[in-house]
Amino acid sequence: MEIVLKDRIKEAVKIIYNSEVNDDLIQIQETKKDFKGDFTLVVFPLLRFSKNTPEKTGETIGQYLKDNFNAVSGFNVIKGFLNIELSDAWWLEYFRKLTVEETHLEKCQVSNPETILVEYSSPNTNKPLHLGHIRNNLLGYSLYRILSGCGHRVVKTNIVNDRGIHICKSMVAWQKFGNGETPESSGMKGDHLVGKYYVLFEKNYKIQIEKLINEGMDEAEAKNSAPLMKETREMLLKWEAGDKEVFGLWKLMNSWVYAGFDETYKKLGVDFDKIYYESDTYKIGKDIVLSALNKKILYRNEDSSIWADLTQDGLDQKLLLRSDGTAVYMTQDLGTAVDRHNEYKFDKNIYVVGNEQNYHFQVLKALLKRMGYKWAEGLIHFSYGMVELPEGRMKSREGTIVDADDLIKEMQLTAREVSLELGKLSDFSDEEKEDIFRKIGMSALKYYILKVDPKKNMTFNPAESIDFNGNTGPFIQYTYTRIKSVFRKAKQMGINTEQVLFSGTKTGPKEIELIKLLCKFSETVSAAATGYTPALIANYCYELSREYNQFYHDFSILGEADEGVRNFRLVLSRVTSEIINEGMWLLGIEMPERM
RNA sequence: GGACCUGUAGCUUAAUUGGAUAGAGCAUCUGGCUACGGACCAGAAGGUUGGGGGUUCGAGUCCCUUCAGGUUCACCA
C-alpha cells in the first residue's frame with residue numbers, strides 16, 4: 001500500500017507543483033495511534049517544491065489524493081504531517097485477500113533467492129551448553145526459518161570446536177583424576193561429565209601456578225611452566241601428530257559430549273543440515289596459510305611462527321601458525337570458510353557468533369580478501385549481544401554460569417506448576433499434559449530471549465523466574481488457544497466453520513484495527529529477514545495478540561445474532577490464529593491447541 | 001594505551017532507521033467474570049532517553065565532548 005500511495009503522491013506533486021521528486025523525499029509512515037488516519041506523509045521534504053507552508057502543502061496534496069484515489073476516504077493535516085485515511089472498503093478488500101492465502105508468507109517471497117549458510121551453535125566440546133548458547137541457538141534457528149520462509153535456500157551448519165588446547169585440558173584432567181569414570185558409571189550426562197574435568201583442570205592448574213609464584217617465578221612464566229600445562233601442550237602435539245592413544249581418548253570423550261549435546265539440541269528444537277568439525281578443517285587452514293606464505297601474503301617470524309600483517313587494513317599483526325607449527329582458531333576458520341565455499345558456492349555465509357568476536361571476523365574477512373577469495377564479501381558476522389546477569393557476565397570461576405539443561409528443566413517445571421494450578425487440562429492424559437507443559441515452558445524461554453533486539457546485550461536475572469503473563473510466549477499461546485477454543489465451541493453449536501465465508505459488510509473500528517495489523521505481517525517478516533532481526537516478529541506477535549484480546553473481550557463472536565457479523569468475526573479470528581501460528585513458527589516456538 | 005559497543009520508568013525492554021505528546025510488560029495501586037478460556041481486559045502512577053554542547057523545520061536516533069559500564073587488540077577459543 002505504501003508503494004501505491006507513494007506513486008500517487010509523486011503524481012500529485014508532479015501535477016500540482018510540476019516537479020519530479022525522488023522516492024526518498026516521499027516519507028510515508030503509519031499514522032500514530034493518537035491521530036486519525038492510516039498512513040502519514042511527512043510534508044517537510046516537499047516544501048521546496050510547493051514553496052508554501054507545511055499546512056497548505058499538506059492540504060493541497062491531501063485534497064488531490066482524496067479526489068483522485070478512491071481508496072482515500074479523507075485526510076487531516078497537523079503541523080507538517082498529512083494523515084491519510086483509507087476507506088474501510090479498501091481495508092476489507094485487502095483483508096479478503098489474506099483469507100484465501102495458502103500461507104501468509106506468500107508476499108514475503110524474494111525475487112532472487114540466494115544460497116545462504118547459517119552457522120550457529122558452534123560449541124566447544126569441553127563444556128556443556130549454557131544460557132549464552134541458548135540465545136545463539138535460538139537466533140540461528142529462527143534466522144534459518146525466516147530466511148527460508150522468504151524463499152532462500154538455507155543450509156543450517158554447525159562448526160564443532162572439537163580440538164585444541166582447551167579440549168586437551170579436560171582430557172589430561174580425566175586421565176589424571178578420572179579413575180575411568182564414564183557417563184554410564186556416573187549417571188552423568190556426557191557433556192556435563194567432561195565439563196567436570198575441565199573445571200577440575202583449571203582448579204589444579206591454578207594451584208600449581210600459585211605454588212610457582214610463591215617460589216619466586218613471575219606470573220607469565222608460572223602459567224607457562226606449570227606441569228599440567230606442559231602435559232596439555234604435549235598432548236596437543238601428540239594429537240596433531242596422530243598419536244593413537246591420545247586420539248582414542250579424544251574420540252571417546254567427544255562421543256560422550258555429542259550424546260549430551262544432542263539431547264539439549266532436541267529439547268531446544270534445533271537441528272543442522274551439515275556439521276563441520278574443526279579437527280577436519282584446521283588442516284585445510286594450515287595448507288591455505290602455507291600457500292599464502294609462498295605467495296608472500298604472509299610472513300614467517302624468526303621463531304618460525306607465521307603471521308599476517310594487517311596494519312594497512314587498520315588491524316594488527318595476526319598469528320596464523322604457532323612456532324611449533326600447530327594451528328590457532330583463525331587458521332581453522334580460514335579452512336572452514338574455504339571448505340564451505342567449495343562445497344556450497346554460497347552467496348552468503350552468516351556466522352551467528354557473539355559480539356565479543358567482532359574483531360575476529362573483521363580479521364577473517366580481511367585475510368580471505370587479501371588471499372584473493374572474492375566471495376569473502378558474502379561473509380556476514382551476525383553479531384549478537386551477550387546474556388548477562390544483574391551483576392555482569394556469567395563466570396565459571398564464580399559458578400554463575402546458567403546451565404542450559406537446568407534452565408530448560410526449570411522452565412518446564414514452572415509451566416507445569418502454573419498449569420496445574422489453573423487446572424484446565426484435567427481431561428488430558430499425563431503424556432499429553434507433559435507435552436503441553438513442555439511447549440509452554442519452552443515458549444516462555446524462547447520468547448523471552450527472541451523478543452530482544454539481537455544486537456543488544458540482555459540481562460537475565462536468575463532470581464526472578466521468567467514471566468508467563470504479559471509480553472510473553474505463553475500469553476501469545478494463550479491467545480491462540482482461545483481462538484482454537486472458539487472454533488471447537490462453534491463446531492459444537494453446529495456452525496460449519498469450514499464453510500464460513502467472508503462476507504465483510506458491517507465492521508467496527510476495532511475490527512479494522514485488527515485487519516491493519518494482520519496486513520502488516522508480511523512486511524514485518526520481510527523486515528526481519530533483511531535486517532536479521534527475529535525480534536521484530538516476536539514483538540509483532542505480541543502486539544497482534546494484545547489487539548485480538550481486546551477485540552475478544554469487547555465483542556462476542558459466537559453470541560453475535562447477526563450471522564454475517566458473526567461469520568466475519570470468525571474469519572477474522574481464523575486469520576489471526578493462522579498468522580500468530582506462522583509468526584511463532586518462524587521463531588521456532590511451538591503452539592499448543594489447548595493449555 | 002589503540003579500536004569497537006552499550007547507556008531509555010524501580011526492573012526487563014520498544015520506538016517504522018532523522019518525524020508528531022518516547023510505547024509496552026513486570027512490580028505497585030484501583031476497577032471488571034450469570035465464561036466464545038481471568039495465563040485476560042480497563043484505568044492510575046511511574047521519563048530532563050547518563051550529563052553538556054552542536055547539526056535543522058524536527059534528535060533517543062547523526063557529530064563533538066564528558067561520565068559510567070562492557071568487549072577486544074594473546075603462540076586462548
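By convention in this document, chain letters (A, B, ...) are assigned in the order of the sequence lines, proteins followed by strands, and residues within each chain are numbered from 1.
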Looking only at side-chain atoms of A:K79, point me to the closest of B:A39, B:A20, B:A15. B:A20
In A:Y548, A:Y448, A:F475, A:Y478, the residue satisfying ring-ring contact (aromatic ring centres under 6.0 Å, His included) with A:Y542 is A:F475
In Watson-Crick or G-U wobble terms, with both distances under 3.5 Å, the base opposite B:C36 is none
Under 4.0 Å between any heavy atoms, over every strand shown, what does A:L315 touch: base, sugar-phosphate, or nothing? Just pick one. nothing
Could you state the atom-to-atom distance from OH of A:Y548 to P of B:G38 in whole Å? 12 Å
Counting heavy atoms from C-beta on, name the nucleotide in B:A77, B:G19, B:U72 closest to the side chain of A:R393. B:U72
Candidate nucleotides B:G37, B:C73, B:A20, ranked by approach to the side chain of A:Y359 - the nearest: B:C73
Considering only heavy side-chain atoms of A:E464, the closest of B:C11, B:G37, B:G70 is B:C11
OP1 or OP2 of B:A42 under 4.0 Å from side-chain N/O of A:Q550: yes
Tell me whether A:F81 and B:A20 count as stacked here, given that the ring centres must be under 5.5 Å apart and the planes must differ by less than 30 degrees. yes
For B:G1, give the paired nucleotide (Watson-Crick: N1-N3 plus N6-O4 or O6-N4; G-U: N1-O2 and O6-N3; both under 3.5 Å), or none. B:C73
Could you verify whether a donor N or O on one side chain and an acceptor N or O on the other, from A:T326 and A:E240, lie under 3.5 Å apart? no
Given that both distances must come in under 3.5 Å, which nucleotide forms a Watson-Crick or G-U wobble pair with B:U16? none
N or O in side chain of A:K318 less than 4.0 angstrom from B:C73 OP1/OP2: no
Between B:A39, B:U16, B:U12, which one does the side chain of A:E30 approach most closely? B:U16
Identity of whatever pairs with B:G10 - Watson-Crick or G-U, under 3.5 angstrom: B:C26
Atom pairs under 3.5 Å, N or O on each side, protein against nucleotides 56-63 of chain B: can you list them with distances?
none

A:N549 and A:R482: side chain donor to acceptor below 3.5 Å: yes
Whole-Å distance separating the NE2 atom of A:H381 from the C1' atom of B:C4: 12 Å
Treat primed atoms plus P, OP1 and OP2 as sugar-phosphate and everything else as base, then score nucleotides 22-36 of chain B 5' to 3': B for base contact with protein heavy atoms under 4.0 Å, S for sugar-phosphate contact only, - for none. --SSS-----B---B
Specify the residue among A:H360 and A:M458 whose closest nucleotide of RNA chain B lies further upstream toward the 5′ end. A:M458
B:C76, B:G37, B:C73: which one has an atom nearest the side-chain heavy atoms of A:R488? B:G37
With distance as the sole criterion, do the side chain of A:T481 and the base of B:A39 form a donor-acceptor contact below 3.5 Å? no
Is a donor-acceptor pair below 3.5 Å formed from side chain A:N539 to base B:A15, judging by atom type as modelled? no
Closest to the A:S419 side chain: B:A39, B:A20, B:A77? B:A39
When we call it a touch if two heavy atoms are under 4.0 Å apart, what does A:V328 touch: a base, just sugar-phosphate, or nothing? sugar-phosphate
Picking from B:A77, B:G37, B:A20, the nucleotide nearest the side-chain atoms of A:K424 would be B:G37
Quick check, are the ring centers of A:Y282 and A:W239 under 6.0 angstrom apart? yes
Within the 6.0 Å centroid threshold, strictly below: A:Y351 and A:F382: no
A:I78 has its side chain closest, among B:A15, B:A20, B:A77, to B:A20
Using the C1' atom on both, measure B:G46 against B:U55 and round to a whole Å. 33 Å
Test ring-ring contact (aromatic ring centres under 6.0 Å, His included) applied to A:Y447 - qualifying residues, sequence neighbours left out: none
Give the nucleotide from the list B:A20, B:A14, B:A39 with an atom nearest to the side chain of A:T31. B:A20
I need the CG-P distance between A:N457 and B:U71, as an integer number of Å. 9 Å
Does A:K107 come within less than 4.0 Å of A:E523, counting only side-chain N to carboxylate O? no
With both distances under 3.5 Å as the test, what is the Watson-Crick or G-U wobble partner of B:G58? none
Side-chain H-bond candidate by donor/acceptor type, A:R233 with A:N224, under 3.5 Å: yes
